[in-house]
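See structure below.
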Amino acid sequence: MLKGHLDLIVLAALSERPAHGYAVIEAIKCRSGQTFNLPEGTIYPALHRLEQAGLLSSRWTNSESGRRRRVYSLTRDGRRALADRRAVWERFAGAIGGLLGSYRHARA
Amino acid sequence: MPEPEVFAAYAASIAERLDFDPSLSRRVRQEVEDHLWESASTTKPNSAQEATARFGDPQVLAAEFATVWLGQKTRNLNTAAFLLVLALLVIMKARLAWYGFAQWPLPEEVRSVGAAVALVDVYAFWLAASLVVVGWGLIFSYRATMSPAALCRRFRNVVNVISLSILALIVSVTCDVVLTALRLIGRDFSAQVLIPMASIAAETGLIGVLILKIATLTIRMPRVTTLLESDTPR
């Protein structure tokens, strides 16, 4: 289920600031309250795919330790895609919440 | 910790599987190594092996990267084929307009041959255009949940369809060469003659570029296929 929403999760994790892969994973863990603890490597193919789709851009930088590091940031299309997907998700979550709410209500 | 050789070997085990594209392979190796070092310095895993285990199975990850790569290459190829069909249509229409403007009809004695060749030309061209549309259909109808092996077969089918499209375009351009030759027979050489000849040269050159793209992808394909069609869960 998480896999189907991976693109939205990655876009959301990059919405505040550009970040490298490790920082994206940390942002996902932190902002999901440690709920989304993905195998760390799965994030990189997703970053590559989103970059090819024009939703992310990336560039090499040097880390403090001197290692080369790929930093990803949202493009304008990426911000638009995130806004669209967020709106779809909020409608979906609202609808499910309503259904489950009435289900709980009926059982009570 | 740190155990640099463990990180280097792990990153290499993914990168080596991606050696069909040296720039992708280099990039992945650097990203993975950087990630493992960052992970080691931040979360202090008990061992380098624990850090690499958290990263994932190299075979599965390499297959994910290869799927993204193959998807992009096939989409690019199909786009290039679409642009080629469009360019050839414009060139052919421009050449016909030029014949009308210069009043160069087909000579009476070859008109029936010309009509037959023109018919083959039209059918071959529209067959090529239809195959490009089929290619788009195959690309856009894939589901993200398909296994790497199924995706690989799907993308390979796109390459086959585009190759067939190119064959049809070669037939179409060959017909154009014949039709142009029929119109030029018996005419004195002049600057005007260069216009249809230049248009044919442009058509041939554009097809050559696409053949080169297909050949490049086809050469890399067996490595990608081996990687994706091995038993990788998704």
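Lettering of chains follows the sequences in order, A, B, ..., and the numbering in each one begins at 1.
Taking the six-membered ring for Trp and thresholds of 30 and 60 degrees, B/Trp136 and B/Phe140 have nearly parallel ring planes, at less than 30 degrees apart. Taking the six-membered ring where tryptophan is involved, the planes of A/His48 and A/Tyr72 are tilted, since the angle between them lies from 30° to 60°.
Applying the ring-ring contact (aromatic ring centres under 6.0 Å, His included) rule to A/Tyr44 yields the partners B/His35, B/Phe55; only residues at least two apart in sequence or on another chain are considered. With sequence neighbours excluded, the residues that form a ring-ring contact (aromatic ring centres under 6.0 Å, His included) with B/Phe20 are B/Trp69. With sequence neighbours excluded, the residues satisfying side chain to side chain contact (heavy atoms under 4.5 Å, CB included) with B/Ala118 are B/Leu179.
Contact annotation for A/Ile43: neither backbone nor side-chain heavy atoms come within less than 4.5 Å of a heavy atom of chain B. Heavy-atom distances place the side chain of A/Arg67, and not its backbone, under 4.5 Å from chain B.
The distance from the CZ atom of B/Arg156 to the OG atom of B/Ser163 is 12.5 Å, given to the nearest 0.5 Å.
The contact list for residues 23-34 of chain B toward chain A, using heavy atoms and a distance under 4.5 Å, reads B/Leu24, B/Arg27, B/Val28, B/Gln30, B/Glu31, B/Asp34 by residue number.
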Worksheet item: What do the steps show when you test B/Glu203 against B/Arg95 for salt bridge (charged side-chain N to carboxylate O under 4.0 Å, His left out), and what is the final call?
Response: CA-CA 11 Å; B/Glu203 286 180 16; B/Arg95 189 170 52 241; 2.9 Å; yes
